[in-house]
Amino acid sequence: VIDKGAGWFAVSASAETLARTTLGRWEEGTAVNLERSLKAGDELGGHTVSGHVDGVARVLERTPEGDSLRLVLEAPASLKRYIAAKGSVTIDGVSLTVNDVAGNQFGINVIPHTLENTTLGKLEPGLRVNLEIDMLARYVARLVQQD
């Protein structure tokens, strides 16, 4: 954040950020999901995420499923190996549990509270979203990688 005022803020973005995220397509007024970072001593609960976007996924399907919304997304080929059923991903800054995986496609369900309080309720097939893969998966993959 390089400047801010009542109800707004401005950011500066690097070439790396623009290459790996959807930020380059944002316009003034684009809604974003923001959450304060964890402070030392805070209770740890839920998924461990860093807020560092790894790539861009594409929404393939949007289907109501009971009280929740089921989304099927397509991950970049370079990131598919990090996504596992019952693992976690972050979509546009919202951490979620992965229901199932088939190749580079994965499914998630979004509960009503999350749909109402984040940008995920507006996702439609064809839209691109920021994808952060599970931090632990990233490090395990690096440790077992053949150099």
Side-chain angles (χ1 to χ4, degrees), residues 1-139 141:
V1 174
I2 57 171
D3 197 9
K4 63 183 179 174
W8 67 272
F9 63 94
V11 298
S12 180
S14 69
E16 172 75 2
T17 298
L18 295 174
R20 290 191 181 259
T21 71
T22 62
L23 184 66
R25 292 192 305 271
W26 292 3
E27 300 173 350
E28 185 175 325
T30 296
V32 296
N33 300 309
L34 297 174
E35 185 175 350
R36 290 191 176 277
S37 52
L38 186 69
K39 295 184 204 110
D42 285 353
E43 180 179 339
L44 295 175
H47 305 136
T48 304
V49 297
S50 65
H52 297 284
V53 175
D54 295 295
V56 175
R58 185 169 56 99
V59 179
L60 299 176
E61 299 174 23
R62 174 192 170 106
T63 311
E65 194 170 89
D67 288 340
S68 67
L69 176 69
R70 177 170 171 73
L71 296 172
V72 176
L73 299 104
E74 179 181 52
S78 62
L79 297 178
K80 72 179 186 176
R81 71 188 198 121
Y82 301 106
I83 301 173
K86 304 308 173 203
S88 63
V89 293
T90 301
I91 303 297
D92 281 348
V94 180
S95 80
L96 301 155
T97 299
V98 176
N99 291 341
D100 52 70
V101 180
N104 66 336
Q105 296 181 13
F106 63 97
I108 57 173
N109 278 69
V110 186
I111 62 172
H113 177 82
T114 303
L115 290 171
E116 294 167 11
N117 291 283
T118 69
T119 62
L120 300 187
K122 295 182 179 7
L123 293 181
E124 295 289 341
L127 290 178
R128 298 194 178 279
V129 295
N130 293 313
L131 172 64
E132 178 185 343
I133 52 130
D134 181 82
M135 187 182 306
L136 181 58
R138 180 184 346 211
Y139 287 113

query: Can you tell me how far the CE atom of M135 sits from the OG atom of S95, to the nearest 0.5 Å?
result: 11.0 Å

statement: For V101 and A85 the tightest heavy-atom approach is CG2-N, 3.7 Å

field: Interatomic distance, L115 atom CG to L123 atom CG [nearest 0.5 angstrom]
entry: 9.0 Å

task: Give, for atom CD1 of I108 and atom CG of N99, the distance between the pair rounded to the nearest 0.5 Å.
output: 8.0 Å

task: Any pair with a residue in residues 66-91 that passes salt bridge (charged side-chain N to carboxylate O under 4.0 Å, His left out), sequence neighbours left out, goes on the list, sorted by first then second residue, please.
output: R58-E74, R70-D100

field: Distance-minimising heavy-atom pair for D134 and L136
entry: OD2-N, 3.1 Å

- prompt: When rounded to the nearest 0.5 angstrom, what is the spacing between CZ in R20 and CG in L131?
  reply: 11.0 Å

message: So, taking the atom named CG in L96 and the one named CG in L71, what distance separates them when rounded to the nearest 0.5 Å?
response: 8.5 Å

query: Tell me, which pairs form a salt bridge (charged side-chain N to carboxylate O under 4.0 Å, His left out) where one or both residues lie in residues 118-133, sequence neighbours left out?
result: R62-E124

- request: For N117 and T114, indicate whether the former's side chain and the latter's backbone hold a donor-acceptor pair under 3.5 Å.
  value: no

- request: Take L73 and L60 through the test side chain to side chain contact (heavy atoms under 4.5 Å, CB included) and record every step on the way to the result.
  value: CA-CA 5 Å; L73 299 104; L60 299 176; 5.9 Å; no

- prompt: So, the side chain of N130 versus the backbone of V53: is there a donor-acceptor pair under 3.5 Å, distance only?
  reply: no

- prompt: Quick check: does any side chain N or O of D3 sit under 3.5 Å from a backbone N or O of A10, one acting as donor and the other as acceptor?
  reply: no

task: Would you give the length of the straight line joining atom CG of N109 to atom OG1 of T97, rounded to the nearest 0.5 angstrom?
output: 10.0 Å

query: Can you name the closest pair of heavy atoms from A84 and V98 and give their distance?
result: O-CB, 3.4 Å

Heavy-atom pair of closest approach, residues A141 and Y82: CB-CE2, 3.3 Å

message: Which heavy atom of I133 sits nearest to which heavy atom of I83, and what is that distance?
response: CG2-CG1, 4.3 Å

field: Closest heavy-atom pair and its distance - A57, A75
entry: CB-CA, 4.4 Å

- request: Apply the test side chain to side chain contact (heavy atoms under 4.5 Å, CB included) to residues I2 and S12: give CA-CA distance (whole Å), side-chain angles for both, the deciding distance (0.1 Å), then the verdict.
  value: CA-CA 6 Å; I2 57 171; S12 180; 3.7 Å; yes

query: Has the side chain of T90 got a donor or acceptor atom that lies under 3.5 Å from a matching backbone atom of G93?
result: no

